[in-house]
There are 2 protein chains.
Amino acid sequence: MEERKLTVRAVERALDILICFTTDTDLGLTEISSKIGLHKSTVHRLLTTLEEKGFITRNQATEKYRLGMRVWELAANQSQEDDPAHILLPEMERLRDVLGETVSLYLQDGKERIRIQAVQSNQAIRRVAPVGMRAPLSVGASSKVLIAFAKEEVRAELLESLEWVSDEENGHYVSQLSEIQALGYATSFEEREPGAAAVSVPIYDRSHHLAAALSVSGPVSRLSMQKMKELAPMISEAAGRMGKMLK
Amino acid sequence: MEERKLTVRAVERALDILICFTTDTDLGLTEISSKIGLHKSTVHRLLTTLEEKGFITRNQATEKYRLGMRVWELAANQSQEDDPAHILLPEMERLRDVLGETVSLYLQDGKERIRIQAVQSNQAIRRVAPVGMRAPLSVGASSKVLIAFAKEEVRAELLESLEWVSDEENGHYVSQLSEIQALGYATSFEEREPGAAAVSVPIYDRSHHLAAALSVSGPVSRLSMQKMKELAPMISEAAGRMGKMLK
DNA sequence: TGTAATAGTTTCATAGAATGAAACTTAGTT
DNA sequence: AACTAAGTTTCATTCTATGAAACTATTACA
């Protein structure tokens, strides 16, 4: 039996166009149409619609398309009171000042994690962490935290959906997760970015649900395994304080 | 001859749904459908599509719809390097500290102006200025600046499109605009908000195009006409400095 | 200067996608 | 239990969205 679609194709396509602008700021019509594999005329019509509603504007100079003010406006009006990225910023800055390393805040979103807030170390050599970045949930200290401390159902689903190279690796990963659960923190050592290491701990809100992962990251030269082990309690303590500020 | 539409209706409707969330953070299906005047089933289908692409999520607790992370993500990746709201913030803070009043930055958008940045006075009685707010271009000091110092074509078009109560008023307004052009700044006295006054000056980018309107606003008790006249040169000077930082 | 190439825009016949009425599910209220 | 309200799904029909092709504007280059 062929599943009836419950979505609207034209809208899907228009949203795909918007999503193109997560990686690029300025795109031409042809560029977009080849990116999402649609005819120029179709893309043009969708762009006109997006432009009319203020979601897309054109760069005066280059004539190329870019995101319009409406996107910004919607984001500005998005609830800020209960937004961790907003509330926890001062505490993150404090932690950065104490440790001298870059501090980031991650949320799980589907099979990815997304960096919703970051404050940079002010040392010469430092981890640079752009806010808004997405990364796969399969690697990195914060990924492991987001999986290990997620609610049972969520974790099961995630482990299901993440593909593993082999069964042995799967087993190894699961045992790593229980270790993380026992310790209360996760580390990563050049897992995703060469030369970078990170410690990550869970932040729980007042109703004891996982709210985010808090990570401290820097160059391997300063963050040895031993050093991260030492820092972990301090970071956990900060995370505990932060959690009390949520919901 | 019936104009052929160059836009896509389904997409227009979906975007209208998103735009609903500029005023409210949480909305139910029925609420939305009555707001934009469409059938529940249609709205439901559009919402499902928006949800699948991450533009809408559902509030766990209330089951209501709200904006998703994608909106935030897009805004986060929006070009920040050349964004006045970002670049001018430190200078705005400095001005606020000197004058002790709320400082705002406005952009023209269609027949409206939009507050793209603001720093609040820290006095007990102060003008509160939420970022992202829209207001009609017909009233307020910054509106007058945005019109008076706009490029010739833009100004003509705006004056055309803004409706006037009477011809006399129109004449009065036009003469007011030339006065503003001569002075280099505009003021407003309880024009839009009772008890509030404001001085506004243009910010020009390096290629001498109007980039934004910079406003200082506060209670009429502190901002008399005389006082605003005194402040104007200082604000203009700050605006000049800011302009040099753009493009 | 002419010619080709490239990017963007509009037109139009046609397929099939989007639509809204209605039926159906929950869940909450009287 | 009957009623009300919000949300969800189904389905026949219509009109909308589609992509091919034509057209325009701009740039490259010979």
Side-chain angles (χ1 to χ4, degrees), chain A residues 1-21 23-68 79 153, chain B residues 1-21 23-68 79 153 157 207:
Chain A
M1 190 193 268
E2 352 104 59
E3 292 252 332
R4 268 198 170 252
K5 266 208 322 160
L6 302 169
T7 54
V8 179
R9 195 184 57 170
V11 174
E12 280 179 337
R13 290 170 162 188
L15 298 179
D16 283 336
I17 291 178
L18 285 179
I19 292 172
C20 287
F21 291 91
T23 44
D24 308 76
T25 58
D26 289 60
L27 289 168
L29 171 64
T30 318
E31 230 168 328
I32 296 171
S33 54
S34 71
K35 251 192 180 213
I36 55 176
L38 287 175
H39 250 258
K40 284 195 300 177
S41 57
T42 306
V43 174
H44 183 258
R45 232 173 312 112
L46 295 170
L47 279 168
T48 310
T49 314
L50 288 163
E51 193 177 357
E52 216 163 62
K53 295 285 179 188
F55 286 79
I56 289 282
T57 1
R58 312 198 58 171
N59 184 342
Q60 286 288 19
T62 63
E63 293 261 286
K64 284 184 180 260
Y65 296 91
R66 57 163 55 180
L67 288 177
S79 65
E153 324 96 80
Chain B
M1 190 195 269
E2 353 106 58
E3 292 253 332
R4 265 193 173 258
K5 267 209 318 160
L6 302 170
T7 54
V8 179
R9 196 182 56 167
V11 174
E12 277 179 338
R13 290 168 163 188
L15 298 179
D16 283 336
I17 291 178
L18 285 179
I19 292 173
C20 287
F21 292 91
T23 44
D24 309 75
T25 57
D26 290 56
L27 289 168
L29 172 65
T30 318
E31 231 169 324
I32 296 171
S33 55
S34 71
K35 252 193 178 210
I36 55 175
L38 287 176
H39 245 261
K40 284 195 302 175
S41 57
T42 306
V43 174
H44 183 260
R45 234 173 310 113
L46 294 171
L47 279 169
T48 310
T49 314
L50 287 163
E51 194 177 356
E52 216 163 62
K53 295 285 179 187
F55 287 79
I56 291 281
T57 2
R58 312 196 61 171
N59 184 342
Q60 286 288 21
T62 64
E63 292 260 288
K64 283 182 181 261
Y65 295 90
R66 56 164 54 183
L67 288 177
S79 64
E153 323 96 79
E157 200 183 327
S207 37

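So that the names make sense, note that chain A is the first sequence line, chain B the second, and so on, each numbered from 1.
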Ignoring backbone atoms, establish whether T42(A) has a side-chain N or O less than 4.0 Å from OP1 or OP2 of dG19(D).
-> yes
Rounded to whole Å, CG of L38(A) lies from C1' of dA17(C) at a distance of 15 Å
Which atom pair, heavy atoms only, marks the closest approach of V8(A) to A10(B)?
-> CG1-CB, 3.9 Å
Whole angstrom value for the distance that separates P of dG7(D) from CZ of R45(B) = 16 Å
Please report the shortest heavy-atom distance between Y65(B) and F21(B), naming the atom on each side.
-> O-CE2, 3.3 Å
Spacing between L46(B) atom CG and dA17(D) atom P, to the nearest angstrom | 11 Å
Nearest-angstrom distance from the residue atom CZ of R9(A) to C1' of dT16(D) | 11 Å
Test item: H44(A) and T48(A) side chains (from C-beta on) under 4.5 Å apart, heavy atoms | yes
E31(A) atom CD, over 12 foreign heavy atoms within 6.0 Å | yes
Separation of atom CG in D26(B) from atom C1' in dA6(D), rounded to whole Å = 16 Å
L47(B) CG to dT8(D) P, straight-line distance once rounded to whole Å | 9 Å
Can you give one letter per nucleotide of nucleotides 4-9 of chain C, going 5' to 3': B for a protein heavy atom under 4.0 Å from the base, S for sugar-phosphate only, - for none?
-> ---SBB
Min side-chain heavy-atom separation T30(A)-V43(A) under 4.5 Å | no
In terms of heavy-atom contacts, T49(A) and L15(B) come closest through O-CD1, 4.1 Å
Answer yes or no: is there a side-chain heavy-atom contact under 4.5 Å between T23(A) and K35(A)?
-> yes
Any donor and acceptor pair, going by atom type alone, linking the side chain of R66(A) with main-chain N or O of D26(A) inside 3.5 Å?
-> no
Any residue of residues 12-20 of chain A with a heavy atom less than 4.0 Å from an atom of DNA chain D | R13(A)
